[in-house]
S.K.: 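One structure is given below, represented as structure tokens, and several questions about it will come after.
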Amino acid sequence: MESNQAELAKAYDAQSIQKEVTQMWDAEKLWHAEPDERPREKRYSIVIPPPNVTGALHLGHAINNTLQDILIRYHRMLGDNTVWLPGTDHAGIATQTVVDKRLQAEGKPALKEYKACEAKGGNGREQFLQKVGEWKTEYEARILGQLRAMGCSCDWDRTAFTMDEPRSKAVREAFFQLFKAGLIYRGKRLVNWDPVTQTALADDEVEMEEVDGSFYYLKYPVYEQSGTGYQPVNDEHGQVAHATVATTRPETMLGDTAVAINPKDPRAASLRGKFVTLPIVDRIVPIIEDEYVVLPIAHGGDENDAKAKFSSGFLKVTPAHDPNDYILGQKYNLPMINVMAPDASISLDHGWGALEPHQKDNETLKRYIGCNRELARASVVEFFKANGLLEKIVPYRHSVGHSYRSHAPIEPYLSDQWYCKVTDPRMAGAANASLAPDQRSSPSESSMGVPPMAQQQEHERDAHDTKNDGLRFFPERHAKTFESWHNNIRDWCISRQLWWGHRIPVWSKTFAFPNDIETDAMEMVYEWAGRASIVFTPKGEWNPRNWNFEDSNFEEYDPKDWNEQIAGEFECFVCIDTDPIYMAETVIAQDLEKAGFTRDPDVLDTWFSSALWPLSTLGWPENDAKAVDYWNPTSVLATGRDIITLWVSRMVMFNQFLENRLPFQTVYINPTIQDGQGQRMSKSLGNGVDPMDIIESHGADAMRFTLASMATQTQDVKLPVDLIDPHTGETFEPKFITTPAGHVVAAPIQEHKGKKCISSYGAASGAAKPTPEMPVAKNTSSKFDLGRFFCNKLWNAGRFVLMQISGQSSVGSGQDHATAAHRPLPTAHFVDESKWSTIDRWILSRLARTVQACNEAINSYRFDNYAKAAYDFVWRDFCDWYLEASKPAMKDPNRREETARILATCMDVSLRLMHPMIPFITEKLWWALRDTNAPSGIDDRFPTFASKKPRVMTAPFPIFDDRMDTLTSGGAERVVERLQEIVGAIRNVRNDNKVDQKKRVNVTLVCESAICHHLENNREFIEGLALCTLDAVGPDAKEPANSTKTTAAGVTVFVVGVIDAGAAEKRKAELTKQIAGMRTKLSNEGYVAKAPPKVVEETRAMLAAAEAELAKL
RNA sequence: GGGCGAUUAGCUCAGUUGGCUAGAGCGCCUCGCUUACACCGAGGAUGUCGGGGGUUCAAGUCCCUCAUCGCCCACCA
């Protein structure tokens, strides 16, 4: 008890408060929750989003963690059974380049050596995974450590990691269910291939970057069929005719299987049925006609079409190396010739050689084999040039997909991958159908429509909980992004050729028909039918015959009957049920491997496991995990805009499919924090601000408060980044430079006060090397001063209140100023309203309205309004006016008891009100308030909890209700506003005339008799706050000599002893202008006739007042 | 190319269904360390609300248009 008060004598120290309060939270585990009997509407849950893919923690995470913690703490204080599950995703350490760098830094073998080891039959993969597992621990500690430092009240007993066994089991179970339902398939498709890390990427893992390239115009000789052979075609000049194609990737011509022309092209008719010969490979390919080909301007193309300017009218078709060509290839049934190895070098070994065995003897081609893309491109161009087949090269700037992992250009690459059929109505359709009706576009606008199953689900959901009618976005406009994503969605490539991740739980083996039908392995397949989902498909294609145990007709699928469907080889894919009837998952896997089945070497896309987060963190699919049914659907997901398609969509689809309900009821999209130039914070630009640095420099509460106040409804907020001089600790604005890519970044080397330091861009880009003389400067932002100033103010106001209500004049000062008025306060149990002044009624009214504003703000996810309302009350109303007004009242024995009660009440209520936003400081002040045992609370209108609840974290959040509403007083607010204006006017006169701040001046107020008593009753307030003595107040008060006249709130104010001739003139001019404006308005017939009478009346009243004032002057 | 958003004080941003003299914080200027607070207090200056048009008695707010900037998606002929 003593210590809490003694410490309050000290200045605000965020660090020590954080430390002390954190210890309490750790010891008492107030954040822990277990399922109980509380009804559904009293359950509240959030699952924390896994951090982003680079593992860089910056304010983008801090803002949504802060906002989520506000919601969690708010609901906990409302008495909800509240849980927030912290977790980490593996993505942050999954990038191969990061892994490789790290391995080398630690003196370990490089990734390729682990791979070589594995290839030779060693346990390279296992060794590698073990190594990465160690880093994970470190990485996880960093992320969870940041959350703790921020004050996030996660349930630390329920931390989850995507790769741990409960989460892994969830992945296997989800995969199994999707597989069984036919929503997972294997396909030979064109994928986004990263040749450096040699893995496929999802569409959204591809980043577009502008690069300077060229258009190469290649001439292909035109041929026609003659008899059994082909002959060159001559043009009108007797020369060999050519079809010129324009391409940015000449090397892919090795895989061309057609040349296309638009049928509208005037040249098309004469080329119909003809062919071209591809140089180098000597392949004769057809000229096909398709409207897709852009007409060149010279042949009727659209002049406004950028492509028409470059088009030659002929399009080379390379189905294996271009997504659009792939579509054409399918349409015209063209061969797909893959000419590249996985590392994007030219190769005959990945399909090409099998299709065209003769190419192995092609001497011209030999020099291209093994070349990488860049070299092959140069060589091909060189060949065309040397043979007179290169028409021209035109420079062209265009955007090219790059891998977000390696930043290498993406190669569209034909390969076998696993896909999740998200285009199925049970997935994308269900996701759109799960939107709340008022956030959904009409069915006619949505190309997906609402599948019958989703309608069914909707019906069940309604029955389940009528309050929640579907997924809801805040701000609402984001629902549109979500919806259109699903309307245009493509199947999701879920396999990745990596090692660190969830391995695809599918075993496969090739069988030959009919010879292998009677083998032991096949007999086992029959036996496993009950514990696995099994697919038979002709080798190399996906044309499955599902064979599930539950399917009573599985006899129909007897492979013996397949002779017409499957000739030759077929493949058997087995996906094991995680909850088999009578045999463990691992035993089946072992049996499979013994029987010659091999597990798929690929791992799943990281978002596959992330998509299960709202289920897997709660213990799904374990039957005894009560938490799943209790807290899923979770209440809210707070996240960034860019995540809507990556993660939100997938969580909705998976949760809907697997559990037939939403993963969360609300998606709150927080603004994206950008740097001062409007650029996203990124590691490579070095413009990210580390929340831990801010916590160190400003405190966690200050950071949280500032972030909350930045959470407006806009989609981006700019946060100018400053640097901290490592030599002096001072903050300064960096000098900026523009990178060739057009980014504005802090110059690598910065100078402040004659000493140099390195910006984080300099360090990240490697442009400057840190030395002891030239260390790296941390990033910060002066924006966080707002929060720090506020916390400091609150702390000091708290000290003052505690001092007052505990009857001490100066806590810990050692001096004894005690007088009669300073003796300890008696404990009053009854509120004596008769002793309340107008100011008392006003502050309680303001407090009630602040509670109301905060309630509304949080419920509508307007965190900025929440912060603003709290700020305005604490600083503007309470500190600026009420605290000052309370000083004389506390010296008056007749009033001090009630005043102390009101001071304590304001503190009690506002601490509870602000705790979700600034948890540390409010907790600390609460303990001190509690220890005073001072009477607080205004009966059941502002019930007090200071003496009843030891922790503010579990005290009730103030809720505005009818009883509290009885304390709102428009009358008191109007009177105090008037008083404030008068005080302001007097201060104004004093300041304008340089009156000594300590000098008390004499003032006379002339007012209407109607308001005279208000002024008289609050004489003390005016005299105290404007440091004056009121000589006379009333309608008949005389103008004193030697005084300056001013007007405030309809009251004429004379300040004696100050002469300011200019003031009256200034005021006259102001009034004249106002009067003119209002007269114009009122002389407008339309205004008087059409504007609401109330508005007109107000204008008239104001005009009258202004005219009266002017007349007096 | 499709979608979303922004443009209000020197800077960062509020401004809810159109209606009092357009606000806040920081910064700037003047004065003041008065026992809650100098991370403070009192006061002050600063705005053609991006440009143009329209609807209306009335537009920062609604509509059209132009300009600039940003983000997401699509696109490598």
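Sequence lines set the chain letters: A, B, ... in the order given, protein chains first and strands last, and positions in each chain run from 1.
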S.K.: Taking the six-membered ring for Trp, are A/Tyr882 and A/Phe878 parallel (under 30°), tilted (30 to 60°) or perpendicular (over 60°)?
M.R.: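 Aromatic pair A/Tyr882/A/Phe878 classed parallel.
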S.K.: Does A/Ser709 or A/Phe878 map to a spot on RNA chain B nearer the 5' end, using the closest nucleotide for each?
M.R.: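 Upstream on the strand: A/Ser709.
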S.K.: Between B/C76 and A/Asn324, is there an OP1 or OP2 to side-chain N/O distance shorter than 4.0 Å?
M.R.: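 Yes, A/Asn324 has a side-chain N/O under 4.0 Å of OP1/OP2 on B/C76.
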S.K.: Is the phosphate of B/A36 approached by A/Lys887 (side-chain N or O, under 4.0 Å from OP1 or OP2)?
M.R.: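 The answer is yes; a side-chain N or O of A/Lys887 sits under 4.0 Å from OP1 or OP2.
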S.K.: Suppose you measure atom P in B/G52 against the same atom in B/C29; what distance do you get, rounded to whole Å?
M.R.: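 Straight-line distance between the two P atoms is 34 Å.
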S.K.: So, A/Thr672 versus A/Arg680: side-chain donor-acceptor pair below 3.5 Å or not?
M.R.: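 A/Thr672 vs A/Arg680: no donor-acceptor pair found between side chains.
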S.K.: So which nucleotide does B/C40 pair with, by the Watson-Crick or G-U wobble rule with both distances under 3.5 Å?
M.R.: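 The answer is B/G32, by the H-bond criterion.
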S.K.: At 4.0 Å (heavy atoms only), tell me whether A/Glu1097 reaches a base, stays on the sugar-phosphate, or touches nothing.
M.R.: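 No contact.
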S.K.: Given that both distances must come in under 3.5 Å, which nucleotide forms a Watson-Crick or G-U wobble pair with B/G70?
M.R.: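 Pairing partner, where one exists within any strand: B/C4.
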S.K.: So if I take every side-chain heavy atom of A/Met803 and compare against B/C26, B/C71, B/A36, which nucleotide ends up nearest?
M.R.: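 Per side-chain heavy atoms of A/Met803, the pick is B/A36.
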S.K.: I'd like to know if the side chain of A/Arg799 and the backbone of A/Ala11 have a donor-acceptor N/O pair within less than 3.5 Å.
M.R.: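 Side chain of A/Arg799 to backbone of A/Ala11, a donor-acceptor pair under 3.5 Å: no, none is there.
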S.K.: From the set B/G70, B/C76, B/G43, return the single nucleotide nearest to any side-chain atom of A/Asp322.
M.R.: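 So the nucleotide nearest the side chain must be B/C76.
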S.K.: Roughly how many Å apart are B/U30 and B/A58, using the C1' atom of each and rounding to a whole number?
M.R.: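 B/A58 and B/U30 have their C1' atoms separated by 39 Å.
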S.K.: Using a 4.0 Å heavy-atom cut-off, does A/Ser312 contact any base of the nucleic acid, only the sugar-phosphate backbone, or nothing at all?
M.R.: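 Nothing, no nucleic acid heavy atom in range.
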S.K.: Is A/Arg477 touching bases, backbone alone, or none of the nucleic acid, heavy atoms closer than 4.0 Å?
M.R.: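 If one applies the 4.0 Å heavy-atom cut-off, A/Arg477 turns out to touch the sugar-phosphate alone, with no base involved.
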S.K.: Just to be sure I understand the rule, does A/Val293 reach a base, reach only the sugar-phosphate, or reach nothing, if contact means heavy atoms closer than 4.0 Å?
M.R.: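 Here A/Val293 touches the bases of the nucleic acid.
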S.K.: Pairing check on B/U12: which nucleotide meets the Watson-Crick or G-U wobble criteria with it, both distances under 3.5 Å?
M.R.: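 Here B/U12 is engaged in a pair, and the nucleotide opposite it is B/A24.
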S.K.: Please confirm whether the shortest side-chain N or O distance from A/Arg641 to OP1 or OP2 of B/G3 is below 4.0 Å.
M.R.: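 Indeed not, no polar side-chain atom of A/Arg641 lies that close.
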S.K.: Just call it for A/Asp996: base, sugar-phosphate, or nothing, with non-hydrogen atoms closer than 4.0 Å on any strand.
M.R.: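 It contacts nothing in the nucleic acid.
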S.K.: Strictly below 4.0 Å: does A/Arg1000 bring a side-chain N or O up to OP1 or OP2 of B/U34?
M.R.: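 So the side chain of A/Arg1000 is outside the cut-off, no N or O lying under 4.0 Å from OP1 or OP2 of B/U34.
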S.K.: Looking only at side-chain N and O atoms, does A/Trp485 offer a donor or acceptor that is under 3.5 Å from a partner on A/Ser649?
M.R.: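 Short answer, yes.
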S.K.: Checking all strands, does A/Leu786 fall into the base, sugar-phosphate, or nothing category for heavy-atom contacts under 4.0 angstrom?
M.R.: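 Sugar-phosphate, backbone atoms only, no base.
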S.K.: Using modelled atom types and a 3.5 Å cut-off, is there a donor and acceptor pairing between side-chain atoms of A/Arg990 and backbone atoms of A/Lys999?
M.R.: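 Checked: pair present.
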S.K.: Using purine N1 to pyrimidine N3 plus N6-O4 or O6-N4 for Watson-Crick, or N1-O2 and O6-N3 for G-U wobble, both under 3.5 Å, which nucleotide pairs with B/C62?
M.R.: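 When the pairing criteria are applied, B/G54 turns out to be the nucleotide that pairs with B/C62.
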S.K.: Using Watson-Crick or G-U wobble geometry with both distances under 3.5 Å, which nucleotide pairs with B/C49?
M.R.: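 Its partner: none found.
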S.K.: Describe the nucleic acid contact of A/Gln674 in one word from base, sugar-phosphate, nothing, applying a heavy-atom distance below 4.0 Å.
M.R.: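 Here A/Gln674 touches the backbone only, sparing every base.
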S.K.: For A/Lys793, report the nucleic acid contact type (base, sugar-phosphate, nothing); a contact means any heavy atom under 4.0 Å.
M.R.: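 Base contact.
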S.K.: Which part of the nucleic acid, if any, lies within reach of A/Arg990 when heavy atoms closer than 4.0 Å are counted: base, sugar-phosphate only, or nothing?
M.R.: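 Counting heavy atoms under 4.0 Å across all strands, no contact is made by A/Arg990.
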S.K.: Just by distance, with hydrogens left out, do A/Thr318 and A/Asp256 show a side-chain donor and acceptor under 3.5 Å apart?
M.R.: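 Checked: A/Thr318/A/Asp256 side chains pair up, N/O donor to acceptor below 3.5 Å.
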S.K.: Using the P atoms only, state how far B/G18 lies from B/U68, rounded to an integer number of Å.
M.R.: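 That atom pair is separated by 31 Å.
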S.K.: Please tell me which of A/Val717 and A/Gly678 maps to the more 5' nucleotide of RNA chain B, matching each residue to the nucleotide holding its nearest heavy atom.
M.R.: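 Mapping each residue to its closest nucleotide by heavy atoms, the 5'-most match is A/Val717.
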S.K.: Could you tell me whether A/Ile644 contacts a base, only the sugar-phosphate backbone, or nothing, with contacts defined as non-hydrogen atoms closer than 4.0 Å?
M.R.: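 Touches nothing.
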S.K.: With P as the reference atom in both, quote the distance from B/C63 to B/A6 in angstrom, rounded to an integer.
M.R.: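 Pairwise P distance, B/C63 against B/A6, rounds to 12 Å.
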S.K.: Respond yes when some side-chain nitrogen or oxygen of A/Arg987 is under 4.0 Å from OP1 or OP2 of B/G43, and no when none is.
M.R.: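 So the side chain of A/Arg987 is within the cut-off, an N or O lying under 4.0 Å from OP1 or OP2 of B/G43.
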S.K.: Does A/Cys879 reach a base, just sugar-phosphate, or nothing at all? Heavy atoms under 4.0 Å.
M.R.: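 Answer is base: heavy atoms of A/Cys879 come under 4.0 Å of a base.
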S.K.: Looking at A/Asn865, I'd like to know whether one of its side-chain N or O atoms comes within less than 4.0 Å of OP1 or OP2 on B/A14.
M.R.: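 So the side-chain polar atoms of A/Asn865 never come under 4.0 Å of the phosphate oxygens OP1 or OP2 of B/A14.
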S.K.: For atom P, what is the distance between B/C49 and B/U7, given to the nearest Å?
M.R.: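 Approximately 14 Å lies between the P atom of B/C49 and that of B/U7.
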S.K.: Salt bridge (Lys or Arg N to Asp or Glu O under 4.0 Å) between A/Asp996 and A/Lys998: does it pass, once the steps are laid out?
M.R.: CA-CA 5 Å; A/Asp996 183 349; A/Lys998 286 176 210 159; 5.9 Å; no
S.K.: May I ask you to decide whether A/Asp716 forms a salt bridge with A/Arg641, counting only side-chain N to carboxylate O separations under 4.0 Å?
M.R.: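 Looking at A/Asp716 and A/Arg641, the cut-off is met.
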S.K.: A/Phe705 has an atom CZ; how far is it from atom C1' of B/C26, in whole Å?
M.R.: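 Between C1' of B/C26 and CZ of A/Phe705: 14 Å.
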S.K.: Name the nucleic acid region contacted by A/Ala797, choosing base, sugar-phosphate or nothing; use a 4.0 angstrom heavy-atom cut-off, strictly under.
M.R.: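 If one applies the 4.0 Å heavy-atom cut-off, A/Ala797 turns out to touch a base.
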S.K.: If we take the P atom in both B/U12 and B/U17, what is their distance in whole Å?
M.R.: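 25 Å, rounded to whole Å.
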S.K.: Can a side chain N or O of A/Arg876 be found less than 4.0 Å away from OP1 or OP2 on B/A24?
M.R.: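 For B/A24, neither OP1 nor OP2 has a side-chain N or O of A/Arg876 closer than 4.0 Å.
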S.K.: Using a cut-off of strictly less than 4.0 Å, decide whether A/Trp875 has a side-chain nitrogen or oxygen near OP1 or OP2 of B/G41.
M.R.: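 So the side chain of A/Trp875 is within the cut-off, an N or O lying under 4.0 Å from OP1 or OP2 of B/G41.
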S.K.: Looking only at atom C1', what distance separates B/C31 and B/G53, rounded to whole Å?
M.R.: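 Approximately 49 Å lies between the C1' atom of B/C31 and that of B/G53.
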S.K.: Under the ring-ring contact (aromatic ring centres under 6.0 Å, His included) test against A/Phe790, which residue among A/Phe705, A/Trp795, A/Phe873, A/Tyr12 passes?
M.R.: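 The passing option is A/Phe705.
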S.K.: So, under a plain 3.5 Å distance rule, would you say the side chain of A/Gln713 forms a donor-acceptor pair with the base of B/A14?
M.R.: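 Between B/A14 and A/Gln713, which were checked side chain against base, a qualifying N/O pair under 3.5 Å is absent.
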S.K.: Could you tell me whether A/Tyr871 contacts a base, only the sugar-phosphate backbone, or nothing, with contacts defined as non-hydrogen atoms closer than 4.0 Å?
M.R.: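 Since only primed, P, OP1 and OP2 atoms lie under 4.0 Å of A/Tyr871, the category is sugar-phosphate.
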S.K.: If you measure from the C1' atom in B/U46 to the same atom in B/C62, how many Å do you get, rounded?
M.R.: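 The answer is 30 Å between these two C1' atoms.
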S.K.: Regarding A/Pro409, tell me which of base, sugar-phosphate or nothing describes its non-hydrogen contacts under 4.0 Å with the strands shown.
M.R.: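 It contacts nothing in the nucleic acid.
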S.K.: Does OP1 or OP2 of B/A14 have a side-chain N or O of A/Thr712 closer than 4.0 Å?
M.R.: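 So the side-chain polar atoms of A/Thr712 do come within 4.0 Å of the phosphate oxygens OP1 or OP2 of B/A14, strictly under.
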S.K.: From C-beta outward on A/Pro412, which listed nucleotide comes closest to its side chain: B/C76, B/G19, B/C39?
M.R.: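 Minimum distance to the A/Pro412 side chain belongs to B/C76.
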S.K.: Are OP1 or OP2 of B/C72 and a side-chain N or O of A/Lys480 less than 4.0 angstrom apart?
M.R.: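 For B/C72, OP1/OP2 do not have a side-chain N/O of A/Lys480 under 4.0 Å.
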